[in-house]
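Inspection log for the structure reproduced underneath, given as C-alpha cells.
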Amino acid sequence: GGRWLQMCRSKTSAPKNFCDYESMRRIYNIQVPQRFNFAKDVLEQWETKEKQNGQRSSLPALWWVNDSGLEVRWSFEELGFHSRRLANVLHQVCSLERGDRVFLILPRVPEWWLVNVACLRTGTVLIPGTSQLTARDICHRLQASGAKCVITDETLAPLLDSVSSECPSISTKLLLSHRSMHGWGNLTELMGKVSDDHVCMDTRSDEAMTIFFTSGTTGSPKMTQHSHCSYGLGLTVNGRYWLDLTEQDVFWNTSDTGWAKSAWSSVFAPWIQGACVFVHYMPRFDTSTVLKTLSSYPITTFCTAPTAYRMLVQDDISRFKFRALEHCLCAGEPINPEVMWKWKELTGLDIYEGYGQTETVLIAGTFKGMKIKPGSFGKASPGYDVQVVDEDGSVVPRGQEGDLGIRVKPERPFSLFTEYTGEPERTAECFRGDFYLTGDRGMMDDEGYLWFIGRADDVILSAGYRIGPFEVENALIEHPAVAESAVVSSPDPVRGEVVKAFVVLTADYKSRNHKELIQELQTHVKTVTAPYKYPRKIEFVDHLPKTVSGKIRRVELRKKEWGQQTSKQIW
Ligand code: ATP
Ligand code: MG
C-alpha cells in the first residue's frame, strides 16, 4: 500500500477533539445521569447557546437540499419550534402517551428529523422503517411492534391502508402531504393548529427511546431496542471521536432513513457536537450527484457505505474539486483496501472505517491521528473493551481467529441495546460468558488492530482451510476487470465445499472472453494471496444481491449454490 503515499498530496488529518488514540481512550468518561433526554439535554442547550450568540455566526442545525435546488435550513431554534408543535400534535391530537410506539416511514425529507425530535420530546418510542418496504413487510412490522401511530407520505399510505385491518394496535395515522386523505390526519395542517409551547418529557436514561430493525443481511431483521442513554448519549463516541465533529462542521451522511445508521450519523452523533446535518434528498444513489454536491456545498465530513465508494472510484472524479471536504468515513461493511488507495489517489483523502451494529454504537474504528492499516477496521472504541473470544468465551491469543465480542462483565456498557423487542431468548443467545457476541469473526493483531474475517455464517470451510470471503474479494478487486464481487461457498463432490466468486465486471472488461478472464482472475488471486484461497468457480453477473442499505447478501448466493430456498423479501 505504499504506492499512493508518494503519489498524492496528503491533507492533514489532525484531530480536533483529541490528540491521539491513547489519550482519547483516557479522556473518554461519560457518567450516565438518572434522567436523560436528548431533546432537552442536548438540542435545547444548543438552542440557548444560539440565542446567546446571535444566529448569524452559526451554521444551521439541518441543511436540506434536493435536485431542483430547493433548500431548507433550520437553526436549532427553528428545529425546536417546529418539533414542539409536532410534539403537541402527537400528545394532544393523537393522544399518544410516553412509551407508545410510533412507526415512521418517510424518505429523507426535513419532517423525518422533526418526528425524531418530537418523539424524544413526548417520550414516545420511535420505530423508523425504510420507504422500500412492501405491504407485507409493513404489516409484519406493525404487528410485531404494536405501534399505535403511523406517520408516512402519499406513496406509502395506500400500502398501510391495505393492511391496517390486520393491525388493530394502530389508533392514529398521520400523512405528510399537500392533500388530504380519508382516515389520515394531515401532519402539516395539524401542526398549524397547535401551540409551540411544549415541556419536554423528563425521561429516565434507561427508558425505551427507539426500536430499529437490523439490516436483514443474514435473515429476518431483528427489532433492536435502545434507551435514551444508549443511543442519545452513547453516540458521543461516534460524533466526538470517530467523525471528529465540531460546531464548524457540515456533515453529510448518505444512509437511508430506515436504518440505525441514520440515527447514528444523521441525528445523534452530529447534534451532540452541535454540527450541521447536511442532507441531499437523493431518491437513489447517484455518483454524479454526490460528487457535484461535495463540490458545491461546504461539506467538511462525509460518510457513506463501502458499496458507494466502490461506485465513486469508477467515476471520473478529476472533473470535480471538493469545496471543503477533509474527513471521509465509511461503515456497515468492510471496505476493500484497493478502494481506499484509489480514493486517496483521486482525492488525497483517507477513508476512515467504522465497525458497529444496530445493537451497538461504534465498536471499533480508525480514528484520526492513528496509523491506518487498510483491511483492518481499526481499534476498539472508547467505552468498549473489544476482544476476540473462543467457544468457551475465553479471550484468544493475539493473531488467532475467533468471535468478536464486547466485554459486559463486570460492567455492561451503557451504549449497548436493551433487547431484541419481545425476544428474550434471542437476546440471551448473544451473550457468552463475560461477552456480548457480535456474530462476526475476526482477529486482533499485536498492535490491537482488529481484522474482520466475515460474518460467522459466511466463513468458507474448504479442504480443511477456513477462508473469509472478504480477503478473497479484496484480492479480486485489485484486478482491473473487477468492479465488485461476492465470495461464497459452493458444493463440490471432492472437497465438499469450494470458494466461488460472483463477479461484476468493470465497463472495459464486459466484452472480454469469459473463459480466459476466469483463468486470469484465478491466477491473479493466487499471486496476491495464499493460493488455497483462489476461487475455483467464478460466475460473472450484472448485479450482486444487496440489502436496501447496500450490503451484499452472500447468504442469498450461498443458498442458491446449495439449492436451498431463499427469500428475497426484506422481512
Ligand atoms: P442482520 O443482523 O439482520 O443480519 P446486519 O447485521 O447487516 O443484519 P446491521 O446491524 O445494520 O445489520 O449491521 C451490522 C453488521 O454489519 C456487523 O455485525 C458486521 O457484520 C457488518 N459491518 C459493519 N461495519 C463493518 C465493517 N467496518 N467491516 C466489516 N463488517 C462490518
Ligand atoms: Mg446483525
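Whatever order the structure lists ligands and atoms in, that order sets their numbers, starting from 1. By convention here, the first residue in the shown sequence is residue 1.
Below 4.0 Å from some heavy atom of Thr214 lie the following atoms of ligand 1, by number and element: 1 (P), 2 (O), 3 (O), 12 (O). Within the listing of ligand 1, atoms 26 (C), 27 (N), 28 (N) sit less than 4.0 angstrom from a heavy atom of Glu353. Proximity to Tyr355 (heavy-atom distance under 4.0 Å) selects the following atoms of ligand 1: 19 (C), 24 (N), 25 (C), 26 (C), 27 (N), 31 (C). Close approach of ligand 1 to Phe377 (heavy-atom distance below 4.0 Å) involves ligand atoms 28 (N). When each atom of ligand 1 is checked for a heavy atom of Lys222 under 4.0 Å away, the hits are 1 (P), 2 (O). Numbered from 1 in the order shown, with element, the atoms of ligand 1 that lie under 4.0 Å from a heavy atom of Lys551 read 7 (O), 9 (P), 11 (O), 12 (O), 13 (O), 14 (C), 15 (C), 16 (O). Annotation for ligand 1: atoms under 4.0 Å from non-hydrogen atoms of Thr358 are 9 (P), 10 (O), 11 (O). Every atom of ligand 1 with a heavy atom of Phe452 under 4.0 Å away is listed here by number and element: 29 (C), 30 (N).
In terms of polar-atom proximity, defined here as any N/O pair under 3.5 Å, Thr217 does make such a contact with ligand 1. Considering backbone and side-chain atoms alike, Pro221 places every N or O at 3.5 Å or more from each N or O of ligand 1. The distance criterion of under 3.5 Å between nitrogen or oxygen atoms is not met by Ser220 with respect to ligand 1.
For atom 4 (O) of ligand 1, the closest non-hydrogen atom of the protein is Thr218 OG1, 2.4 Å. The nearest protein atom to atom 14 (C) of ligand 1, hydrogens excluded, is given as Gly356 O, 3.4 Å; this is a heavy-atom distance. Of the protein's non-hydrogen atoms, the one nearest atom 6 (O) of ligand 1 is Arg455 NH1, 3.1 Å. For atom 12 (O) of ligand 1, the closest heavy atom belonging to the protein is Ser215 N, 3.2 Å. Protein heavy atom in closest approach to atom 21 (C) of ligand 1: Gly332 O, 3.4 Å.
Residues Gln273 and Phe251 have side chains not in contact (no heavy-atom distance under 4.5 Å, counting atoms from C-beta outward). In this structure, the side chains of Arg558 and Asp457 come closer than 4.5 Å at one or more pairs of heavy atoms.
Leu416 and Thr360 get closest at one heavy-atom pair: CD1-CG2, 3.7 Å. Contact between Pro306 and Ala331 at its shortest, heavy atoms only, is CD-O, 3.5 Å.
The residue among Gly354, Pro334, Ser255 with a heavy atom at the shortest distance from atom 27 (N) of ligand 1 is Gly354.
Contact annotation for Asp440 and ligand 1: only side-chain heavy atoms (C-beta onward) come within less than 4.0 Å of the ligand. In Glu333, the part holding a heavy atom less than 4.0 Å from any atom of ligand 1 is the backbone.
The aromatic rings of Tyr21 and Phe367 lie tilted to each other, with the angle between the two planes from 30° to 60°. Relative orientation of the Phe417 and Tyr420 rings is tilted, given thresholds of 30° and 60° on the angle between their planes. Aromatic ring pairs are classed by plane angle as parallel below 30°, tilted from 30° to 60° and perpendicular above 60°; the pair Phe452 and Tyr355 is tilted.
In this structure, Arg141 satisfies the cation-pi test against Phe213, with its NZ or CZ atom closer than 6.0 Å to the six-membered ring centre and inside 45 degrees of the ring normal.
Every residue meeting the ring pair (Phe, Tyr, Trp, His ring centres under 6.0 Å) condition with Phe278, not counting sequence neighbours, appears here in chain and number order: Trp63, Trp252, Tyr297.
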Pair Glu419, Thr427 - check side-chain hydrogen bond (donor to acceptor under 3.5 Å, both in side chains), show working.
CA-CA 6 Å; Glu419 57 173 8; Thr427 310; 5.3 Å; no
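A centroid separation of 6.0 Å or more is found between the aromatic rings of His226 and Phe212.
Side-chain contact check for Thr307 and Lys546: at least one donor-acceptor pair (N or O, by modelled atom type) lies under 3.5 Å.
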